[in-house]
Amino acid sequence: MKEFNFDFVKKSHLLEKVNPQISKIFNFYKNKQYNEMVFNIRRDVEKLATLLVEQAHLVSDENRGFGLSEKIKTLRQNAIYPATIMRLFDRLRTYGSIAVHSNMNIDEYTAQLALQNYHDLLVFLANYHDGLNARYADILLKRVQRKKVTA
């Protein structure tokens with residue numbers, strides 16, 4: 001397994017609010033419970049999306065109380081984050097849906113991809129919202145360093 005460094009999470013005020021279940025997720029991975037791992041990642045992503053929609057004052061009747069897909073749609077429509085980052089949200093939502101709603105078992109390779117996507121989403125959010133300089137696991141994301149616009 002490729003190791004991902006999640007130490008930056010402890011330094012992020014944004015991520016502290018949703019309390020990502022990283023140790024729990026790693027335990028599921030180590031025990032080869034990939035569906036559980038991916039499901040828990042999806043739950044963290046849903047908590048994050050809810051918080052991000054609320055912080056951006058984008059809560060409306062259309063997305064209040066609805067699921068992750070509506071919250072991602074709201075974030076995408078308001079162009080808060082780059083398309084590359086929105087694709088990470090989409091992938092993690094899809095992996096989570098497969099883990100919960102289908103008869104398919106997530107394999108080790110897919111679990112690693114999900115873990116990498118999760119890591120890199122958290123890196124972006126910590127860097128963007130908290131001004132950290134955490135490193136991406138995916139070298140293709142290295143250039144995605146857009147700073148938060150403060151009004």
Side-chain angles (χ1 to χ4, degrees), residues 1-59 63-76 80-142 144-146 148:
M1 172 187 156
K2 180 177 178 176
E3 292 296 322
F4 300 104
N5 183 346
F6 284 88
D7 290 345
F8 67 92
V9 171
K10 298 172 190 151
K11 300 174 189 169
S12 170
H13 298 293
L14 174 82
L15 298 179
E16 163 183 275
K17 293 176 184 174
V18 294
N19 189 25
Q21 302 297 306
I22 294 165
S23 60
K24 184 178 182 180
I25 288 166
F26 272 126
N27 284 336
F28 283 130
Y29 183 85
K30 288 175 189 172
N31 293 321
K32 300 183 186 285
Q33 294 176 289
Y34 304 131
N35 283 49
E36 279 297 317
M37 183 204 85
V38 170
F39 171 68
N40 278 274
I41 288 173
R42 187 187 190 285
R43 284 184 17 196
D44 278 357
V45 170
E46 187 153 6
K47 288 189 286 186
L48 272 168
T50 300
L51 175 66
L52 296 170
V53 167
E54 288 171 1
Q55 282 191 339
H57 306 290
L58 297 172
V59 176
N63 63 31
R64 183 185 326 272
F66 282 93
L68 181 56
S69 59
E70 286 302 319
K71 289 175 178 52
I72 292 172
K73 178 181 169 186
T74 299
L75 293 170
R76 180 177 282 112
I80 293 176
Y81 304 115
T84 307
I85 300 307
M86 295 311 303
R87 282 192 291 277
L88 295 178
F89 275 105
D90 291 331
R91 285 184 205 144
L92 293 169
R93 182 188 62 78
T94 301
Y95 290 148
S97 294
I98 290 168
V100 172
H101 300 297
S102 79
N103 299 356
M104 296 171 57
N105 286 323
I106 302 290
D107 62 11
E108 184 176 7
Y109 176 77
T110 305
Q112 284 186 7
L113 284 175
L115 198 54
Q116 178 176 320
N117 283 254
Y118 177 61
H119 174 272
D120 287 347
L121 177 62
L122 296 182
V123 165
F124 174 82
L125 293 172
N127 290 351
Y128 180 83
H129 288 278
D130 295 312
L132 300 183
N133 195 23
R135 295 181 153 209
Y136 292 103
D138 183 348
I139 191 136
L140 295 176
L141 293 174
K142 188 174 183 178
V144 183
Q145 295 292 339
R146 191 162 95 180
K148 181 177 182 181

Output the distance between atom [atom1] ([X]) and atom [atom2] ([Y]), rounded to the nearest 0.5 Å.
X	Y	atom1	atom2	value
H13	L132	NE2	CG	8.0 Å
L51	H129	CG	NE2	8.0 Å
I80	I85	CD1	CD1	13.5 Å
R135	N127	CZ	CG	11.0 Å
R76	F89	CZ	CZ	9.5 Å
E108	M37	CD	CE	10.0 Å

Quick one: are [X] and [Y] in side-chain contact, heavy atoms under 4.5 Å?
X	Y	value
L88	R91	yes
F8	D130	no
M86	L75	yes
R43	E46	no
F28	V38	no
N117	L121	no

Quick one: closest heavy-atom pair of [X] and [Y], and the distance?
X	Y	value
R42	G96	CD-CA, 3.5 Å
K47	V18	NZ-O, 3.2 Å
L92	A114	CD2-O, 3.4 Å

Give a yes or no answer on whether the side chain of [X] reaches the backbone of [Y] with a donor-acceptor pair at less than 3.5 Å.
X	Y	answer
Q55	V53	no
N5	D7	yes
N35	M104	yes
T110	I106	no
K71	A49	no

Original post:
Is the distance between the ring centroids of H119 and F124 under 6.0 Å?
Top reply: no

Original post:
Is the F39 to Y95 ring centre distance short of 6.0 Å?
Top reply: no

**OP:** Decide yes or no on side chain to side chain contact (heavy atoms under 4.5 Å, CB included) for L14 and Y128, but give the supporting numbers first.
**Re:** CA-CA 10 Å; L14 174 82; Y128 180 83; over 6 Å; no

Original post:
Angle class for the F6/F4 ring planes (parallel below 30°, perpendicular above 60°, tilted otherwise)?
Top reply: perpendicular

**OP:** Take the angle between the ring planes of Y34 and Y29 and call it parallel below 30°, perpendicular above 60°, tilted in between.
**Re:** tilted

Original post:
What do the steps show when you test L122 against L48 for side chain to side chain contact (heavy atoms under 4.5 Å, CB included), and what is the final call?
Top reply: CA-CA 9 Å; L122 296 182; L48 272 168; 3.4 Å; yes

**OP:** Classify the side-chain pair Y118/D44 by whether it contains a donor and acceptor separated by less than 3.5 Å.
**Re:** yes

